[in-house]
Structure formats: C-alpha cells, structure tokens
Amino acid sequence: MFVTLLKFAENRSAAGEFMAAHNEWIAAGFSDGVFLSVGSLQEGGGAVIAHGESREAHDARIAADPFVEHGVVRAETYEIDPKRTVPALEFTKAA
C-alpha cells in the first residue's frame, strides 16, 4: 500500500490551470481500482492512498499527475506493509 503526499511546490499558483486534468487523473486512479482515498492536507496540498500495483507502476502513475508534471506539487511516497487493519481494509495486507 502507498501513501503519497502531494505538497505544494514552486508552481502552485498554476493549480487552477491544471485542476481539470488533475481531477481526471484522480478519476482514472479510482476507475483503475488503485486509489482507495484522496484528499487535502490541512497545511495545503493533497494525499493519495493507493493499493494494488507495484512501486514502479505507482511511481509512474504519480509522475503522470498533471500537478506533478507541471511543478504545482512535489510528491513524496511512502510504502506501507499493513499488519493490522479494520475488516474493510483486510485486503491490503500481504498474503
């Protein structure tokens, strides 16, 4: 499972210009069954919780975010190996 923080970067003022494409990118992540949750960070930027693809595939997906491509945000990804979960997230645990 991956947690990616999308923290505002040098081109944050261009967020409005790329918002529609960023939202399409988010929709594709859900449609592909990879994104579990996305949301805003309290201090600005966003976060993505994802599951079901390799680190390489996840990194490529994050790099394809228009916000990342155009320097609106900088991505920091953390890989998590869940050991205990609520029943609804049991599927995220390694076999």
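- Counted within 6.0 Å of CD on Glu43, heavy atoms from surrounding residues, nucleotides or ligands total more than 12; the atom is thus considered enclosed.
- Results of the side-chain contact (heavy atoms from CB on, under 4.5 Å) test with Met1 over Leu89, Thr85, Asp81, Leu36 single out Leu36 as the only residue that passes.
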Checklist entry - Can you check side chain to side chain contact (heavy atoms under 4.5 Å, CB included) on Lys93 and Lys83, steps first, answer last? => result CA-CA 6 Å; Lys93 292 176 11 185; Lys83 301 298 184 199; over 6 Å; no
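- Placement of Ile62 and Phe30 within a single hydrophobic cluster is found when ILVMFWY residues are connected by side-chain heavy-atom separations under 4.5 Å, directly or transitively.
- Both Val38 and Phe8 belong to a common hydrophobic cluster when Ile, Leu, Val, Met, Phe, Trp and Tyr are linked at side-chain heavy-atom distances under 4.5 angstrom.
- Taking hydrophobic clusters as Ile, Leu, Val, Met, Phe, Trp and Tyr residues chained together by side-chain heavy-atom distances below 4.5 Å, Ile49 does not share a cluster with Leu6.
- A centroid separation of less than 6.0 Å is found between the aromatic rings of Phe35 and Trp25.
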Item to check | Derivation and outcome, side chain to side chain contact (heavy atoms under 4.5 Å, CB included), residues Val3 and Ile80 | outcome: CA-CA 7 Å; Val3 174; Ile80 299 171; 3.4 Å; yes
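- When atom types are taken as modelled, the side chain of Asp65 and the backbone of Phe67 share a donor-acceptor pair closer than 3.5 angstrom.
- In the hydrophobic clustering of ILVMFWY residues, with side-chain heavy atoms under 4.5 Å counting as a link, Val72 and Leu5 come out apart.
- Taken to the nearest 0.5 Å, the OG1 atom of Thr92 stands 7.5 Å off from the CD atom of Glu90.
- Of all heavy-atom pairs spanning Ala21 and Pro66, the tightest one is CB-CG, 3.6 Å.
- Classification of the His58-Phe2 ring pair by plane angle, with boundaries at 30° and 60°, yields parallel.
- Shown here is Arg55, whose CZ atom has more than 12 heavy atoms of other residues, nucleotides or ligands within 6.0 Å.
- In the hydrophobic clustering of ILVMFWY residues, with side-chain heavy atoms under 4.5 Å counting as a link, Ile26 and Val73 come out together.
- Between the NE2 atom of His51 and the OG atom of Ser37 there is a distance of 14.5 Å, given to the nearest 0.5 Å.
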